[in-house]
Amino acid sequence: MTKLTRGKPKLAVWKFTSCDGCQLTLLNHEDELLKLLGDADLAYFPEATSSHLKGPYQLSLVEGSISTAHEAEKIQEVRAASKYLVTMGACAMAGGLQALRNFKDAGEFTSVVYPMPDYVETLHKSTPISEHVTVDYEARGCPVNTDTLIQVVRAFLFGEPLPETNNRSVCVDCKKLGLSCIMLDQGITCMGPLTQSGCGALCPSFNRACAGCYGPRKFAHPEALERHWRQLGIPEGEIARAFRGIHSYSETYRNHTLKEEAKVGESN
Ligand code: SF4
Ligand code: SF4
Ligand code: SF4
């Protein structure tokens with residue numbers, strides 16, 4: 001049972017539709033988490049403790065997207081019980097891979113995947129938390145960047161400064177590290193030019209193209225990158241797939257993906 005100390009701010013961690021990866025990443029940073037819990041009470045975090053202290057909470061961390069009617073109700077309760085609400089990771093920020101169904105008929109998928117689809121209670125769409133309630137901060141990544149998250153948690157619990165924001169792309173970090181450009185060298189799609197920096201160009205450092213897990217940065221221009229990919233001779237199928245990642249339902253990529261889906265529909 002978590003010991004409740006009068007006056008300590010309460011932290012709660014909630015799961016919605018997700019793979020649990022962001023919560024596990026947070027748990028992997030146990031040293032920072034334990035330090036933090038010297039001055040705060042862990043009121044709710046089923047992955048870490050069976051105790052459940054009632055709200056109100058100073059801060060709720062939310063993982064996952066909204067994809068059932070129950071979740072749509074639950075997130076309203078979480079918001080009402082929390083002074084601040086911070087989302088963890090790409091599912092919560094953009095709907096996740098499960099949002100790929102938003103571009104099709106979800107019923108078709110359940111009928112193919114499940115032997116008894118009538119028992120599957122799912123909304124037609126998987127949507128970001130910000131479509132349902134006010135979000136105070138969206139911590140990016142898949143999984144979430146825990147260094148940033150711990151800083152954000154300390155800011156909302158103890159009034160410390162929030163992490164600095166920038167509008168740099170992953171490409172800038174690539175250049176700072178002196179990496180050669182995989183996209184130009186290998187003629188493959190890389191989402192780095194559109195993607196918010198913050199991971200230190202992790203994937204290009206291991207000779208992998210960026211899949212865009214931090215999500216689009218402000219003023220990203222998918223059409224311009226797409227034109228460039230065509231000039232590099234990248235096939236149309238690969239170009240379409242690049243936008244159908246974990247941020248496919250973000251506002252920046254959504255229309256683009258819908259347009260491409262419509263083209264595929266017309267050609268069938
Ligand atoms: S953002 Fe990635 S790691 Fe986090 S819950 Fe979603 S799929 Fe899992
Ligand atoms: S490898 Fe990707 S992230 Fe790095 S510079 Fe090239 S396009 Fe940008
Ligand atoms: S390089 Fe791209 S896909 Fe890889 S961790 Fe960074 S943002 Fe995510």
Side-chain angles (χ1 to χ4, degrees), residues 13-29 45-47 61-67 71 86-101 126-130 135 138-149 166-217 220-222 224-229 231-232 234 238-239 241-250 252-253:
V13 183
W14 307 91
K15 172 191 161 62
F16 288 81
T17 299
S18 60
C19 80
D20 284 30
C22 289
Q23 293 181 80
L24 288 173
T25 305
L26 179 58
L27 279 174
N28 278 343
H29 281 60
F45 189 1
E47 289 251 1
L61 298 178
V62 174
E63 176 196 82
S65 66
I66 301 299
S67 68
E71 288 181 337
V86 167
T87 59
M88 299 193 286
C91 292
M93 185 176 172
L97 278 181
Q98 56 273 28
L100 284 171
R101 73 167 183 258
S126 163
T127 43
I129 299 299
S130 61
V135 172
E138 290 175 314
R140 293 173 181 251
C142 173
V144 68
N145 180 315
T146 330
D147 292 338
T148 306
L149 184 66
N166 64 61
N167 187 31
R168 288 195 305 267
S169 68
V170 175
C171 296
V172 175
D173 296 333
C174 243
K175 294 299 152 211
K176 277 189 184 165
L177 292 170
L179 301 173
S180 94
C181 178
I182 299 164
M183 180 172 80
L184 297 178
D185 291 352
Q186 301 177 22
I188 55 172
T189 57
C190 177
M191 294 292 276
L194 304 176
T195 302
Q196 175 64 42
S197 93
C199 67
L202 186 62
C203 299
S205 305
F206 289 92
N207 203 29
R208 298 288 302 265
C210 170
C213 82
Y214 271 54
R217 67 192 177 95
H221 291 292
L225 183 60
E226 213 183 33
R227 272 198 302 277
H228 189 59
W229 285 343
Q231 283 162 7
L232 289 173
I234 297 174
E238 277 179 41
I239 292 175
R241 270 195 298 281
F243 289 101
R244 284 172 209 171
I246 199 137
H247 278 270
S248 66
Y249 199 63
S250 66
T252 310
Y253 301 149

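Note that ligands are numbered from 1 as they come in the structure, with each ligand's atoms numbered from 1 the same way.
Residue-ligand proximity, Ser18 to ligand 1, at heavy-atom distances under 4.0 Å covers atoms 5 (S). Heavy-atom proximity to Gly192, at under 4.0 Å, picks out these atoms of ligand 2: 3 (S). Listed by atom number, the atoms of ligand 2 under 4.0 Å from Pro193 heavy atoms are 7 (S). Near Pro143, with a cut-off below 4.0 Å to any heavy atom, the atoms of ligand 1 are 3 (S).
Taking backbone and side chain together, Cys181 holds no N, O or S atom under 2.8 Å from atom 4 (Fe) of ligand 2.
In this structure a side-chain-to-backbone donor-acceptor pair under 3.5 Å is missing from Arg217 to Arg168. Within the 3.5 Å criterion, the main-chain N or O of Thr17 finds a donor-acceptor partner in the side chain of Glu71. Side-chain atoms of Arg208 never come within 3.5 Å of backbone atoms of Cys203 as a donor-acceptor pair (strictly under, hydrogens ignored). Looking only at distances, no side-chain donor or acceptor of Thr87 sits under 3.5 Å from a matching main-chain atom of Met93.
Nearest-residue assignment for atom 4 (Fe) of ligand 1 (options Gly21, Ser65, Gly89, Cys22; heavy-atom criterion): Cys22.
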What do the steps show when you test Cys190 against Ile182 for side chain to side chain contact (heavy atoms under 4.5 Å, CB included), and what is the final call?
CA-CA 8 Å; Cys190 177; Ile182 299 164; 5.8 Å; no

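Here Ala211 pairs with nothing under the side chain to side chain contact (heavy atoms under 4.5 Å, CB included) rule; sequence neighbours left out. Residues satisfying the side chain to side chain contact (heavy atoms under 4.5 Å, CB included) test with Ser18, not counting sequence neighbours, are Lys15, Asp20, Glu63. In terms of the side chain to side chain contact (heavy atoms under 4.5 Å, CB included) criterion, residue partners of His221 (sequence neighbours excluded) are, by chain and number, Ala224.
For atom 1 (S) of ligand 1, the closest heavy atom belonging to the protein is Ala90 N, 3.2 Å. When only non-hydrogen protein atoms are considered, atom 2 (Fe) of ligand 1 lies nearest to Cys142 SG, 2.4 Å. Looking from atom 8 (Fe) of ligand 1 to the surrounding protein, the closest heavy atom is Cys19 SG, 2.3 Å. Of all protein heavy atoms, the one lying nearest to atom 7 (S) of ligand 1 is Cys91 SG, 3.5 Å.
Listing protein N, O or S atoms at distances below 2.8 Å from atom 4 (Fe) of ligand 3, with waters left out, gives Cys203 SG.
At a 4.0 Å cut-off, not a single heavy atom of Gly64 sits close enough to ligand 1 to count as contact.
Using a 30° and 60° split on the angle between ring planes, Phe243 and Trp229 fall in the tilted class, from 30° to 60°.
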